Amino acid sequence: MMDTTLGILLLMLMSLIGGYSVFWPVFYGGLILSFLSFLNVSMSSEFINLSYGLGVDLLSYTLICLSFWICFLMILASFTVYKEKFFSEFFVFFILFLLLSLVVTFMSLNLFIFYLFFEISLIPTLFLIMGWGNQPERISAGVYLFFYTLLASLPMMVALFYMYTKYNSMEFAFFTFGDESFLYLCLNMVFFVKIPLFFVHLWLPKAHVEAPISGSMILAGIMLKLGGYGLLRVMKMFLGPIGISLNMFFIFVSLVGGFIISLICVRQSDMKMLIAYSSVSHMSLVLSGILSSSIWGVSGGLMLMLAHGLSSSGLFCLANILYERTGSRSFYLNKGMMNIFPSLSLWWFLLCSSNMSAPPSLNLMGEIILIYSIYKFFSGFAAVLFMLVFFSAVYSLFLYSFTQHGAVSSSFYSMYQISVREFLLLFLHWVPLNLIILKSDFFSFGLL
């Protein structure tokens, strides 16, 4: 994994000194680098590849692979930045800087190093949104993103100082059982904002709508997963009566919030806004599974995080393909696309069906395991879980049918066809999402 980090640094250097001509070499170099990281496979729940302060286990390894995959697909999706020569070398540099910070975040064995790079990853994301976003509101979206995360992370910094005095170390391995409600709130609040929990989710739809396609892909694909990863790392400290009762409260807020968000999805008129809100709805299920404090919840949470990262990122790519041609994200203008792009209609169907957890996608297995784990934690949540799954299908079908069927708007002057690059982009989202389920026993932590 250290070789991988050196490879990213080399690509960053290339992007700074190479100018416009480096766009594709960095993409192909990154693709090779990601395949090399796949070869370094770790399906153990124990830490391996230990170096000074860094190591990899199953949880880290899968999310690092997802980070590689999404970051280099971001370069593939952002061809207009290269075509218009809009500071493309800085654009590639920020993507690689973000990738490096994510890799170190997921590899760190030390809570302080994790916290440091967790916050550093916010900076390139902010630059991507504010530098390459489409609308003037991107400034306020960037401020939303920055201050929501930063304000919630201040209590975590206080918790770090407290934990250092208590354990005399910041290593994850030395943290033992503790049951303090104040520490629980201080440590976990930043993860609740990041995942995001209902009530502190308002930064996400705003950031998604104003971000360029690369910003939306990284937000949906990786940044939300940082919250789930952080919770999975620290949740072992809160398995006492106080921790379980607080978990019960946050699961209730998360599931009811996810149901309300699902209803909000059904009345959206903006494609990107619908996909952004659907992310909140899906991650509410992940959050509830993680807080159920069971092996099933952890396994299902990891599966759905990976599946959601690919399916949501793919849907943002589809929405962007239409936006580049029609200049609008509105359902009322983007209608009848099946008449113009019948081949793209297949990809809409495939990714919308994955989003609603239809077989054979990894979403299905993740949701089944999560529903079981939450039901076993407290059977009273059964009705809310049913509504969550039902409305997930409703808004996914709504997204598909509204964009593909109906009369084509007469305001469109011309359309250019879908390129091979865009088909490749969608292919590289959908195929891993539906093939990983063949080896889903890898993600079960010895359950199967």
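Scope of the values below: all heavy atoms of this structure, side chains included, with no hydrogens, waters or symmetry mates. As the structure is a prediction and not an experimental result, all values here were calculated from the model.
Closest approach of Ile213 and Ser78 over heavy atoms only: CG2-OG, 4.0 Å. For the pair Ala141 and Lys206, the tightest heavy-atom approach, listed with the atom from each and the gap, is CB-O, 3.6 Å. Contact record, Met271 with Ser328: CE-O, 4.3 Å, taken as the closest heavy-atom pair. Here the shortest heavy-atom pairing between Cys265 and Leu274 reads O-CD1, 3.3 Å. For Pro360 against Ile437, the heavy-atom pair with the smallest separation is O-CG2, 3.1 Å. For the residue pair Leu399 and Cys352, the shortest heavy atom distance occurs at CD2-SG, 3.9 Å.
Using a 4.5 Å heavy-atom threshold, the side chains of Leu98 and Leu102 count as touching. The side-chain heavy atoms of Met283 and Ile261, taken from C-beta on, include no pair separated by under 4.5 Å.
Within 6.0 Å of atom CZ in Phe79, more than 12 heavy atoms from other residues, nucleotides or ligands are found, so the atom counts as buried in its surroundings. Within a 6.0 Å sphere centred on CZ of Phe423, other residues, nucleotides and ligands contribute more than 12 heavy atoms. No more than 12 heavy-atom neighbours from other residues, nucleotides or ligands sit within 6.0 angstrom of CZ on Phe402. In Phe250, the CZ atom is crowded: over 12 heavy atoms of neighbouring residues, nucleotides or ligands sit closer than 6.0 Å. Counting non-hydrogen atoms of neighbouring residues, nucleotides and ligands closer than 6.0 angstrom, the OH atom of Tyr144 reaches no more than 12 such neighbours. For Tyr167, the OH atom is densely surrounded, since the number of other residues' heavy atoms within 6.0 Å is greater than 12.
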| request: Please step through side-chain hydrogen bond (donor to acceptor under 3.5 Å, both in side chains) for the pair Ser373 and Ser294, ending with a clear verdict. | output: CA-CA 7 Å; Ser373 71; Ser294 65; 4.5 Å; no

| task | Using the side chain to side chain contact (heavy atoms under 4.5 Å, CB included) rule, take Ser214 and Ile218 through it: C-alpha gap first, then chi angles, then the decisive distance, then the call. | result | CA-CA 6 Å; Ser214 55; Ile218 198 68; over 6 Å; no

| query | What's the verdict on ring pair (Phe, Tyr, Trp, His ring centres under 6.0 Å) for Phe106 and Tyr61, showing C-alpha distance, side-chain angles and the deciding distance? | reply | CA-CA 8 Å; Phe106 290 132; Tyr61 171 75; over 10 Å; no

| field | Stepwise side chain to side chain contact (heavy atoms under 4.5 Å, CB included) check, Glu367 with Met303 | value | CA-CA 8 Å; Glu367 283 202 11; Met303 280 190 205; over 6 Å; no

| message | Checking Ser60 against Arg233 for the side-chain hydrogen bond (donor to acceptor under 3.5 Å, both in side chains) test, could you report, in this order, the C-alpha distance in whole Å, the side-chain angles of both residues, the deciding distance, and whether it holds? | response | CA-CA 10 Å; Ser60 309; Arg233 282 279 180 248; 3.0 Å; yes

| request: Carefully, step by step, assess Tyr148 and Leu202 under the rule side chain to side chain contact (heavy atoms under 4.5 Å, CB included). | output: CA-CA 9 Å; Tyr148 258 91; Leu202 292 173; 3.7 Å; yes

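Remark: side-chain polar atoms of Glu210 are not paired, donor with acceptor, to backbone N or O of Ala207 under 3.5 angstrom. Side chain of Ser262 to backbone of Ile260: no donor-acceptor contact under 3.5 angstrom is found. For Ser312 (side chain) and Gly309 (main-chain N/O), no donor-acceptor pair under 3.5 Å exists by modelled atom type. The backbone N or O of Leu428 sits less than 3.5 Å from a side-chain atom of Trp69, completing a donor-acceptor pair. Using a distance-only test at 3.5 Å, with no hydrogens or angles considered, a donor-acceptor pair links the side chain of Ser279 to the main chain of Ile275. Formation of a donor-acceptor pair under 3.5 Å by the Arg138 side chain with backbone atoms of Met130 is found in this model. Side chain of Ser353 to backbone of Leu350: a donor-acceptor contact under 3.5 angstrom is found. Not a single donor-acceptor pair under 3.5 Å links the side chain of Asn320 to the backbone N or O of Phe316. No donor-acceptor pair closer than 3.5 Å links the side chain of His308 to the backbone N or O of Leu304.
The aromatic rings of Phe87 and Phe90 are tilted relative to each other, their planes meeting at an angle between 30° and 60°. In this pair, Tyr115 and Phe112 present their aromatic rings tilted. The plane angle is within the 30 to 60° band. Note on ring orientation: taking the six-membered ring where Trp is involved, the planes of Tyr184 and Phe192 are tilted (angle from 30° to 60°).
The OH atom of Tyr164 sits 11.5 Å away from the CZ atom of Phe161 when rounded to the nearest 0.5 Å. In this structure, the separation between OG1 on Thr403 and CZ on Phe341 is 12.0 Å, given to the nearest 0.5 Å. Considering NZ of Lys272 and CG of Asn134, their distance stands at 6.5 Å, rounded to 0.5 Å. Rounding to the nearest 0.5 angstrom, the gap separating the CG atom in Asp57 from the CZ atom in Phe172 is 10.0 Å. If you take CG on Leu302 and NZ on Lys225, they are separated by 11.0 Å, rounding to the nearest 0.5 Å. Between atom CE of residue Met337 and atom OG1 of residue Thr326 there is a gap of 5.5 Å, rounded to the nearest 0.5 Å.
The distance between the ring centers of Phe27 and Phe72 does not fall below 6.0 angstrom. Outside the 6.0 Å centre-distance limit, the rings of Phe182 and Tyr162 are not counted as a close aromatic pair. Between Phe86 and Phe91, the gap from one ring centroid to the other reaches at least 6.0 Å. Taking the six-membered ring for Trp and the full ring otherwise, the centers of Tyr395 and Tyr277 sit at least 6.0 Å from each other.
In this structure, Arg325 is positioned above the aromatic face of Tyr416, its NZ or CZ under 6.0 Å from the six-membered ring centre and within 45° of the axis.
In summary, Lys166 and Glu180 engage in a salt bridge, as defined by a charged side-chain N under 4.0 Å from a carboxylate O.
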